[in-house]
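Presented below is the structure to which this report refers.
In what follows, chains carry the letters A, B, and so on, assigned in the order in which the sequence lines appear, proteins first and then strands, with residues in each chain numbered from 1. Reckoned from all heavy atoms, side chains included, excluding hydrogens, waters and symmetry mates.
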Number of protein chains: 2
Amino acid sequence: MSDAALWTALADPHRRAIVTLLLERPRPVGEIADACGLSQPSASKHLKVLREAGLVRVSQEAQRRVHALDPAPIAALDAWLEPYRRLWNRSLDALGRRLDETPADTRPPQRRTGPPCPPTSPAPT
Amino acid sequence: MSDAALWTALADPHRRAIVTLLLERPRPVGEIADACGLSQPSASKHLKVLREAGLVRVSQEAQRRVHALDPAPIAALDAWLEPYRRLWNRSLDALGRRLDETPADTRPPQRRTGPPCPPTSPAPT
DNA sequence: TTTGTGCATTCCTTGACCGGCATATAACCA
DNA sequence: TGGTTATATGCCGGTCAAGGAATGCACAAA
């Protein structure tokens, strides 16, 4: 479950779709294939990649193999993202300060649309 | 700068290395190639992919082309990650609660190490 | 103007991956 | 036992991306 395997697994749009699908609830392979418009073998292969990246876990139910999301590896991505998020928040803060020092009617009309993570320091709203 | 371009750009380990390198400071192509052990054309090509994903910006300085990191697109990744982060935090909280209900000397020694980003809002589930 | 430097682009080869198809495997059912 | 369902796997052809070598291009220095 290397970092590389994780990135590789999520690089494919079909696999991201599968992961998003499993966010809702665990599902058997056939259902995943249908929902994503994949053939059964294709879905099975993608699920294998996701399994090897640690992103999904399987549990056998009779003949079915129900795949469930395991969000734990996402933490590794999140950790990798951390310094960039900090940088991004810093530049947002800087923008905010610049805007605060600018007369209102000369400002660009855009405003912060809300990054998914709260800034580390109070940003003007 | 589609989402797909962003994932594709970051899926390559060399490109992630470049991005990490640029976290420190902007650099010209040759320096990036050296630092990452890439040939100059190879570095140039990777930088093109990163540029097209919006992750780096170029500024010309004499004959040099200095590449700087632009963390903005990272926000898109962060947004994609958000629901998984929530899920992960929920399971950590559940673990924490279970641990709190368990006599101390039967617990595993681990404790929540702190996900890099606090949950932004009470999960609207 | 010539030469040198820094970088981008093109061509080519190779390797990886994806999808489809056929088939193997395993569990359930009659 | 034989058949059906659900899934995995192997093979094949096509596509795409990466790396290397050679080259083109822009700018600067002499």
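- Side-chain atoms of A:R15 lie closest to C:dC18 of the nucleotides D:dA18, C:dA8, C:dC18.
- Rounded to an integer number of Å, the gap from B:L47 CG to C:dT9 C1' is 14 Å.
- For the OP1/OP2 pair of D:dT7 and a distance below 4.0 Å, the side-chain nitrogens and oxygens of A:H67 include no atom meeting the criterion.
- Computed from coordinates, the B:L38 CG to D:dG19 P distance equals 7 Å when rounded to whole Å.
- Between B:H46 and D:dG19, a side-chain N or O to OP1/OP2 separation shorter than 4.0 Å is present.
- A close approach under 4.0 Å does occur between a side-chain nitrogen or oxygen of B:S42 and OP1 or OP2 of D:dG19.
- Checked by distance alone, A:Q40 brings no side-chain donor or acceptor within 3.5 Å of a matching partner on the base of D:dA6.
- With C:dG19, D:dA28, D:dT5 as the candidates, the nucleotide lying closest to the side chain of B:Q63 is D:dA28.
- Atom-to-atom, NZ of A:K45 to P of C:dC21 comes out at 11 Å; the value is rounded to the nearest Å.
- Among the nucleotides C:dC28, D:dT7, C:dA8, the one closest to any side-chain atom of A:P28 is D:dT7.
- Nearest to the side chain of A:R64, among D:dA6, D:dA22, D:dG20, sits D:dA6.
- If you measure from atom CZ of A:R51 to atom P of D:dA8, you get 5 Å, rounded to the nearest angstrom.
- Among the nucleotides D:dT7, D:dT5, C:dA8, the one closest to the side chain of A:S44 is D:dT7.
- As rounded to whole Å, 16 Å separates atom C1' of C:dG19 from atom NZ of A:K48.
- Rounding to whole angstrom units, CD of residue A:E61 and P of C:dA27 are separated by 15 Å.
- Considering only side-chain N and O atoms, A:S39 lies under 4.0 angstrom from the phosphate OP1 or OP2 of C:dG20.
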